[in-house]
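The structure appears below as structure tokens.
Both ligands and their constituent atoms are indexed starting at 1 by order of listing. Note that the numbering runs from 1 along the sequence shown for the chain.
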Amino acid sequence: MRKMLFLVTAWLLSAGVFAQQNGELWMDVDGKHINAHGGNVIKYGDKYYWYGENRPYRGFTTEAGVGVYSSTDLQHWKDEGIALAVSEEPGHDIERGCIMERPKVLYNAKTGKFVMLFHLELKGRGYEAARVAFAISDSPTGPFRFIRSTRVNANVWPFDYTKKQVEAAKQTDASKWKKWWTPEWMAETQKGMYLWSDMAGGQMSRDMTVYVDDDGKAYHITSSQENLTLLVSELTDDYLDFTGKYNMVAPGGQNEAPCIFKHGGKYWLICSGCTGWEPNEARMFRGESIWGPWTQLPSPFEGEGGYRDFSAKKTFGAQGTYIFRKNEEAGSPYIFMADIWNPRHLSESLHLWLPIGFKTDGTPVIRWQPAVPY
Ligand code: GAL
């Protein structure tokens with residue numbers, strides 16, 4: 001029965017009869033559900049490339065790597081295979097059985113290379129490594145070559161930290177605070193308690209995205225400090241390293257799944273809360289610049305509808321992963337790209353892509369639609 005459904009959907013899609021429907025399986029041109037999660041889409045030449053976690057049907061560790069699909073219309077996707085494969089070498093950072101999450105690929109016009117950044121957890125160590133990893137390729141479909149994985153900004157203070165703030169952070173001691181969410185604990189967290197405890201080893205980096213600004217400078221935005229605080233860090237011109245300039249956004253705010261775009265001269269950061277694979281209410285921040293100041297606003301999700309019985313209050317059942325446009329020059333709508341996670345069968349996690357609208361005051365708003373009108 002399921003196979004029949006797959007075949008019929010694939011045929012209808014290839015015949016251009018209907019668009020990919022939010023909250024349903026999205027078939028590639030061979031009739032297989034698109035197994036690319038937590039990823040991003042880029043345009044290169046006349047094609048779009050969709051990168052994402054290739055997840056197993058059972059279990060949650062990475063057995064294959066980061067997958068890539070190509071398309072000319074964002075509807076018909078061809079499976080281009082594994083862009084970055086796991087390593088078969090025991091002890092390798094990306095040994096089969098590690099966890100690769102939220103891969104993001106950027107094309108670097110200066111070097112002519114494709115650079116992939118992703119969240120990496122080492123095999124058998126749960127989520128404790130909290131690293132970002134870099135890989136590089138000459139071609140959009142790979143093979144990407146793994147470069148290294150690392151924590152971020154070791155022994156560097158946020159660029160906007162004053163001497164007074166540095167001194168206050170140095171007085172904190174994370175080992176003392178077993179009980180979270182008390183007012184005292186929050187005060188210490190906001191003083192930079194976790195920043196200080198990870199100063200020597202480097203800051204944690206889990207859910208992440210990347211953003212290239214109009215001037216070509218690229219930034220890495222990540223959930224750090226036990227997923228309590230976002231870090232915005234500047235990347236070097238080749239996108240293969242950090243310059244050391246970074247700052248913190250919403251310390252203690254517990255934001256995950258960061259997605260960002262710029263519109264009307266402002267930066268808009270849309271995140272989720274931290275409830276693992278379970279959907280929760282999105283959060284939004286408006287930045288006057290990439291370095292802030294950031295103002296927190298209500299979730300941009302509004303209106304009726306959603307996946308199953310998940311309402312706008314639960315981000316329609318999804319968690320964001322990236323924001324992109326079909327055609328920048330033509331001013332196509334920004335697309336909020338998200339995953340409807342299926343923790344029992346992660347490979348069958350669904351996709352939800354919705355256009356971002358704007359209220360009269362310029363604030364983003366995202367409403368449910370069955371499909372994206374590009
Ligand atoms: C989510 C996160 C996912 C994945 C998952 C694991 O909160 O956004 O990328 O890490 O937790 O439970």
Side-chain angles (χ1 to χ4, degrees), residues 34-41 50-67 84 86 94 97-105 116-133 149 151-152 180 203-210 220-231 249-250 252-260 269-285 299 301 307 310 314-323 336-353:
I34 296 174
N35 191 355
H37 311 282
N40 79 331
V41 167
W50 179 354
Y51 302 89
E53 301 159 14
N54 177 287
R55 290 286 194 164
Y57 185 70
R58 287 211 169 75
F60 66 95
T61 54
T62 305
E63 305 303 318
V66 174
L84 172 68
V86 291
I94 58 164
C98 66
I99 304 173
M100 295 182 183
E101 288 184 348
R102 300 197 172 265
K104 305 287 177 286
V105 172
M116 183 190 291
L117 278 80
F118 61 99
H119 166 202
L120 176 69
E121 295 296 345
L122 303 176
K123 183 175 179 178
R125 285 178 47 191
Y127 278 82
E128 80 175 32
R131 295 190 189 179
V132 60
S149 73
R151 283 217 171 167
V152 303
W180 284 29
Q203 303 296 315
M204 299 178 179
S205 179
R206 293 201 181 97
D207 276 14
M208 53 143 281
T209 194
V210 289
H220 171 249
I221 303 172
T222 194
S223 286
S224 189
Q225 302 172 6
E226 306 291 359
N227 300 338
L228 287 163
T229 302
L230 291 167
L231 300 186
V249 179
Q254 225 183 22
N255 293 292
E256 275 196 329
C259 300
I260 188 169
L269 185 58
I270 301 175
C271 304
S272 73
C274 290
T275 52
W277 307 116
E278 281 298 310
N280 54 49
E281 185 168 21
R283 298 95 183 273
M284 180 162 65
F285 297 84
S299 159
F301 291 83
Y307 173 65
F310 294 111
K314 289 272 165 93
T315 317
F316 301 134
Q319 188 186 31
T321 180
Y322 199 65
I323 294 168
F336 178 81
M337 185 179 167
D339 300 281
I340 298 175
W341 295 111
N342 178 347
R344 280 164 167 258
H345 301 299
L346 278 172
S347 61
E348 294 208 342
S349 297
L350 303 174
H351 308 290
L352 173 122
W353 291 13

(request) Look at atom 9 (O) of ligand 1 and say which protein heavy atom is nearest, naming residue and atom and giving the distance to 0.1 Å. (result) Arg102 NE, 2.9 Å

(message) Just to check, does Phe60 reach to within less than 4.0 Å of ligand 1 when the distance is taken from its heavy atoms?
(response) no

(message) Between ligand 1 and Gln319, is the shortest N or O to N or O distance under 3.5 Å?
(response) yes

(request) Could you list the atoms of ligand 1 found under 4.0 angstrom from a heavy atom of Glu256? (result) 1 (C), 2 (C), 7 (O), 8 (O)

(message) Side chain, backbone, both or neither: which applies to Arg206 and ligand 1 if a contact is any heavy-atom pair less than 4.0 Å apart?
(response) neither

(message) Is it the case that the side chain of Ser299 and the backbone of Phe301 share a donor-acceptor pair, with hydrogens and angles ignored and the cut-off at 3.5 Å?
(response) yes

(message) Angle between ring planes, His351 versus His37, binned at 30° and 60°: parallel, tilted or perpendicular?
(response) parallel

(message) Quick check: Glu101 and ligand 1, any N/O pair under 3.5 Å apart?
(response) yes

(message) Any donor-acceptor pair under 3.5 Å linking the side-chain atoms of Ser349 with those of Asp339?
(response) no

(message) For the aromatic rings, using the six-membered ring if either is Trp, is the centroid distance between Tyr322 and Tyr51 under 6.0 Å?
(response) no

(request) Flag Gly276 as yes when one of its N or O atoms lies below 3.5 Å from any N or O atom of ligand 1, and as no otherwise. (result) yes

(message) Side chains of Asn255 and Arg283: any donor to acceptor distance under 3.5 Å?
(response) yes

(request) Report yes or no: do Gln319 and Ser272 form a side-chain donor-acceptor pair below 3.5 Å? (result) yes

(request) Please write down residue, atom name and distance for the protein heavy atom closest to atom 8 (O) of ligand 1. (result) Asp207 OD2, 2.5 Å

